[in-house]
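Below is one structure, written out as structure tokens; the observations come after it.
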Amino acid sequence: MNDVEAAIMNGEIIEQYPDDYPYPSCLILGLDEKGRYIHVLCALSGDVVCLITTYEPDTKEKWNNDLKTRRG
């Protein structure tokens, strides 16, 4: 299993975007294989998961320390 798969399988959906086009998407907070937190944005098309992007969340700029809540 790679880092992205680990984060998706063991992570938590922290935001949902049901109106995204062409497929609804969601943002997942999970741990990679080394125990680092990553965000994974993916879309769902039936039984297929489409990876859009993945990144390490920045607590200084966009995310609170919980990595689940955006800074206001």
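Since we're looking at a predicted model, the values are computed, not measured.
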Atom OH of residue position Tyr21 - does it have more than 12 heavy atoms of other residues, nucleotides or ligands inside 6.0 Å? no

Cluster overlap [X] with [Y], hydrophobic side-chain contacts below 4.5 Å:
X     : Y     : value
Tyr17 : Val48 : no
Ile13 : Ile52 : no
Leu31 : Ile14 : yes
Leu29 : Leu27 : yes
Ile38 : Ile8  : yes

Side chain of Asp20, backbone of Tyr23: donor and acceptor closer than 3.5 Å? no

Is there a donor-acceptor pair closer than 3.5 Å between any side-chain N or O of His39 and the backbone N or O of Thr53? no

Restricting to non-hydrogen atoms, name the atom on Ser25 and the atom on Leu41 that form the minimum distance, rounded to 0.1 Å. OG-CD1, 4.2 Å

Roughly how far, to the nearest 0.5 Å, is the CD atom of Glu5 from the CG atom of Leu51? 10.0 Å

Value rounded to 0.5 Å, distance of CD in Glu15 from CD1 in Ile28: 12.0 Å

Cys50 versus Leu44: any side-chain heavy-atom pair under 4.5 Å? no

Residues 56-68 vs side chain to side chain donor-acceptor pair (under 3.5 Å), sequence neighbours excluded, gives Glu12-Lys68, Asp66-Thr69

